Every structure is written in C-alpha cells, then in structure tokens.
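Numbers restart at 1 for each chain; the letters A, B, ... are given by sequence-line order, proteins then strands. Note that this is a predicted model, so its numbers are computed, not measured.
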There are 2 protein chains.
Amino acid sequence: MSETTSKSSASSPARARSHRHSAEEARREILDSATRFLQESDFRNLTVGEVMEGTTLSRPAFYQYFTDLHDLIISLLRDVETVMHQIASPWIEGEGKPIAALRESIRGVVETCVQHGHIVRAIVEAAPLDERLEQEWQSFMRRWDDAVEARIVAQQQDGLIPFFNAQRIAKALNSLDVNLVVAAFGRHPHDDPSDVLETMYHVWSGTLYGRPPHALTAKNR
Amino acid sequence: MSETTSKSSASSPARARSHRHSAEEARREILDSATRFLQESDFRNLTVGEVMEGTTLSRPAFYQYFTDLHDLIISLLRDVETVMHQIASPWIEGEGKPIAALRESIRGVVETCVQHGHIVRAIVEAAPLDERLEQEWQSFMRRWDDAVEARIVAQQQDGLIPFFNAQRIAKALNSLDVNLVVAAFGRHPHDDPSDVLETMYHVWSGTLYGRPPHALTAKNR
DNA sequence: AATGTGACTGACACCATGTCAGAAACAACG
DNA sequence: CGTTGTTTCTGACATGGTGTCAGTCACATT
C-alpha cells in the first residue's frame, strides 16, 4: 500500500469508509443530515436515499435506526417538544401579570420557531401521511391545548377572562399559532418575527382579554 | 335484442361494459368515485387504482382526464370554491349590520363545510405534496384573505374596527377557520356545528370588534 | 361494408421502499 | 496473534404504485 501519496490516513474528505459508529452516533448523523436537507427543501422531496447521501452510511443502514421516514420525523418532533415547552412557561404557569406574561410567552414561541420553523413545517406536512406520526402530532398538540385551557380556566375563575368554552378556544388559538409559524418560518425567506409576534398577540389578547390594550382608545369613534 | 327479459336497456347494475362515455361523463364518474372514497378514508390511502375501481373504467383511463391524483384534487378544489364564495357574501360584501353579518357569514361557511369537510381535508393534506396543487391552494386562500382584508380596511375607515395590520390578521383568521373546519368535519364523526360556529365567531369578533358582545357585561369582575 | 376518430386498455419500464442473507469491523478470549 | 462472538453495515432482491405507449375497440359517417 502507498503511504502518503494520494490520501491522508483518516481525514479523507468524504470517503470516511472503514469506521463504525456507536448506535447513538449514527442516529445523530442521520438526524442531522435530514435536518440539513429540510433547511433547503421540503418534506415532499425527502427520501431515504437523499438523507443517507448526506451521511457516511449506505441507504439500508437507515432502517436500523428508523422504521420509516415518518419515524425519523417523530424523533425530530420529540426534540422540538423539549425545547418548546419551557419557553412558553411564563403565561402557562401563571407567572407575573397575565397580559404581559402572555406577550412574553408568545415572544418565546416565535423566537424558537425562527430556528426550528423548517422542522415544524415538515412535521405538519408529514403528519397526515402516517397513522403513527399523526397520532404523535395530535398528542403533542393536545398537551399544548390542555396547558392553555388550564390557564384560561384559572384566569376565568379570577375574573380576568370572561367565561366561554376554554377548551375549544385553546385548541383554536394553538392551531392558529402553528399555521402562522409554519407560514412565516417554514421556508426561506423568513417573515419578520416581530410582525408575527404582533399578529399572534393581537388575536390571543383580543380573544381572551378583550380588545388589545394599545388599540383601545385610538380611533374608536 | 331482447326487449324486457333480464335487464332493462341502460340501467344494468354494475357491469356496464361496452359503453363509452363522453369526455365529461367520464370525468364526473372519476371525480364522484374519488369523492366517495374520501368520505370513507384519507388522502394518504387514495390511489389511482382505488379510484378507478369505483368506476366502469380501467386504471390507465384515469390519465386521460387527469395528469395526477393532485390534479384531480385541484378539480375538487375548484368545485368547492364556487360553492363557498357566495356563501360568505353577507359580511364580505358589507351587507347589513357588521357584527350580525359576520355571524351570518360564518354560519354559512360552517354549514357548507359540514357537507364538504372531507374534501377540504383532502385538499389541505395533499397540498404540501405537489407544487401545482400547493400553488392553487395558496391562490384560493389569497383570494379569501384579500376579501377579508378589504372588508376590515373598509370598516376601519368607518371607525367600526380599530386600526391594525389588516392583511396579517385576515390571513391568520382565515387559516384558523380552515383548521377548525378540517378538525371538526374532516372525518367522521363530525363535531357539533354550532360549537364550531361559536368558537369561530368568538375569535373573529374578539379579534376584530373587541370582546364578544354577550360576554361584555357578564362576569367581568 | 369501409373508413376515420376518439375512447379505452394490456403490458411495460421506472422508482422509491423495505428486507435479508451475509460481509466487514471490532472486542474478548485463548 | 488466531479464533470466535457480536454488532454494524451493505449488495442485491422483491414489492407496489406510477405513468406511458402501442395498439384495440366502439361508434359515427359515408
């Protein structure tokens, strides 16, 4: 064998053959490749072959870590959930002044979605195509809905929010958020985050607390 | 030819072989079969073969009338649009008292979606999978968004609605409607239409006009 | 009856998927 | 170091839905 002629020992640029991963390493490598792909393209163009090309592994190796493309998306969904849940805590947990906390929570959601918007979009688009993923997505959203509903009910009992069917409104508002986020940050170029924040805040506060404060006295005939 | 023996002339039950359609007849037959299928199942299970089984034609015949399953969905979208547009006219066109008209328009939308919810659901789920369908769907929604935006702007100038970015709010509210309708009437069993109506009305009126009228004085601490 | 036109179909090539038997790397043990 | 066991990995294959095409079939016109 030749020593230092054409290729250096282990740092060959793309052909890093002859090296095994631990199970976790490989998973991460695949997930990263998929994420990278989704930054540039859509779920509809995602294919097992494409994903594995961005990898040191071959196509069949994919099936040792995921049963499916949908299964891979479920993993991404899990990752997103852990990030998101604590972001929205201010209003959800009832910390500080309700309306200010609401704004703060929405701000957090918008901000993290600027980063993970592509993934959220992929999840939303892929969910209807697979039974299991669909269920995971529904569960994810239900946890969200329940949290919001609980907060609404609590503030209804404090007289801060008028009475109405908290469950349905919670569901409606959350689904609206998903739509806005996907539309705004699901693909390049992104919309202006502060515009999205304003829109969300307007609808949420208008629906829950009444007319948004800053518009109350403006031009109200 | 036998006169009145076993089968009456043209109404043979299922095996209507040896009979050609006009172009329009065949199209309708295919569209009907697809619609029937979507009543019972999802877009993810829809396949060209399945559709054509509900038909007197063979699978390849499909491609004489549609380039694609997505193309077929586009036809269904067109059908839905013509039905829906005049339904929402009361508020859109500014007829009568704004808030009552809003309620009336929403009522109409909900009502027609009770019938065509399955199709709307199929459209929404299929749209991200095909470039052309995606564009058609976006155009459809944009026409809707523009109409709502125009109405908001008109009523802002009349002092009925406070000033805010009408375009973004219109888009948000419309996307919310789609979500609610698909969730409520996209598959069996359907939700209660009046619940859906209340939810939509609550969010719309809260966002546009301020706190919903009937909750204004109730239990507002 | 002969011919032209458009509706229709059987058979095929294509492509992504998911599987499987076995190869290749690595570790443990002698 | 061999040998053996274990885990990771891959080449090659079977499957199923898609879209195409050359050719057939029903019907109208003459």
Side-chain angles (χ1 to χ4, degrees), chain A residues 1 9-10 12 14-31 33-34 37-38 41-75 122 125-126 128-133, chain B residues 1 9-10 12 14-31 33-34 37-38 41-75 122 125-126 128-133:
Chain A
M1 304 283 179
S9 58
S12 59
R15 296 278 79 196
R17 287 268 147 260
S18 81
H19 160 259
R20 261 121 210 253
H21 300 83
S22 77
E24 266 316 303
E25 278 175 357
R27 257 186 88 87
R28 267 267 84 78
E29 197 183 346
I30 297 173
L31 284 167
S33 169
F37 183 91
L38 290 173
S41 188
D42 309 322
F43 178 79
R44 69 161 159 264
N45 296 321
L46 190 66
T47 145
V48 175
E50 281 278 1
V51 173
M52 298 312 282
E53 298 241 319
T55 283
T56 41
L57 300 170
S58 70
R59 198 178 66 76
F62 175 88
Y63 294 97
Q64 270 179 334
Y65 302 100
F66 306 95
T67 71
D68 232 25
L69 277 179
H70 307 297
D71 188 41
L72 181 149
I73 300 287
I74 290 177
S75 285
E125 293 182 353
L129 304 180
D130 180 77
E131 182 122 338
R132 203 161 89 83
L133 174 52
Chain B
M1 306 224 183
S9 58
S12 60
R15 296 279 74 198
R17 288 264 145 263
S18 80
H19 160 257
R20 258 107 211 269
H21 300 82
S22 76
E24 266 316 301
E25 279 175 355
R27 257 186 88 88
R28 268 265 84 78
E29 197 184 344
I30 296 175
L31 284 168
S33 169
F37 183 91
L38 290 173
S41 188
D42 309 322
F43 178 79
R44 69 160 158 263
N45 298 319
L46 190 67
T47 145
V48 175
E50 280 279 359
V51 173
M52 299 311 282
E53 298 242 315
T55 284
T56 41
L57 301 171
S58 69
R59 199 178 67 78
F62 175 87
Y63 295 96
Q64 269 179 334
Y65 302 99
F66 305 95
T67 71
D68 231 29
L69 277 180
H70 308 295
D71 188 40
L72 179 148
I73 299 287
I74 289 176
S75 285
E125 293 183 353
L129 305 180
D130 181 77
E131 182 123 337
R132 204 162 86 83
L133 174 52

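When the side-chain nitrogen and oxygen atoms of B/His21 are compared with OP1 and OP2 of C/dC8, one or more of them lie within a distance under 4.0 Å.
Spacing between atom CG of B/Leu129 and atom C1' of D/dT18 amounts to 15 Å, rounded to whole angstrom units. One atom, CD of B/Glu29, and another, C1' of C/dA7, lie 13 Å apart when rounded to the nearest Å. In this structure, B/Gln64 places its CD atom 15 Å from P of D/dG19, rounding to the nearest Å. Between the CZ atom of B/Phe62 and the P atom of D/dT20 there is a distance of 12 Å, rounded to whole Å. Spacing between atom CZ of B/Phe66 and atom P of D/dT18 amounts to 15 Å, rounded to whole angstrom units. Nucleotide D/dC27 holds its P atom 12 Å from the CD atom of B/Glu25, rounded to whole Å. Protein atom CD of B/Glu50 is 14 Å distant from nucleotide atom P of D/dG16, rounded to whole Å. Taking atom CE of residue B/Met52 and atom P of nucleotide D/dG17, one finds them 16 Å apart after rounding to whole Å.
The line from OG1 of B/Thr67 to CG of B/Asp130 is 7.5 Å long, rounded to the nearest 0.5 Å. From A/Glu53, atom CD reaches atom OG of A/Ser58 across 11.0 Å, with rounding to the nearest 0.5 Å.
Considering only the side chain of A/Tyr65, D/dC9 comes nearest among D/dC9, C/dG10, C/dA7.
A/Phe66 has its side chain within reach of A/Leu31: a pair of non-hydrogen atoms, C-beta onward, lies under 4.5 Å apart.
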Which pairs, protein N/O on one side and nucleotides 13-17 of chain C N/O on the other, fall under 3.5 Å?
unit_1 : atom_1 : unit_2  : atom_2 : d
C/dT17 : OP2    : A/Thr47 : OG1    : 3.0
C/dT17 : OP2    : A/Val48 : N      : 3.3

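Only one option out of A/Thr47, A/Val51, A/Leu46 pairs with A/Phe37 in a side chain to side chain contact (heavy atoms under 4.5 Å, CB included); it is A/Leu46.
Counting non-hydrogen atoms of other residues, nucleotides and ligands closer than 6.0 Å to CD of B/Glu131 gives a total of 12 or fewer.
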Given A/Arg132 and A/Asp68, is the salt bridge (Lys or Arg N to Asp or Glu O under 4.0 Å) satisfied, shown in steps?
CA-CA 11 Å; A/Arg132 203 161 89 83; A/Asp68 232 25; over 6 Å; no

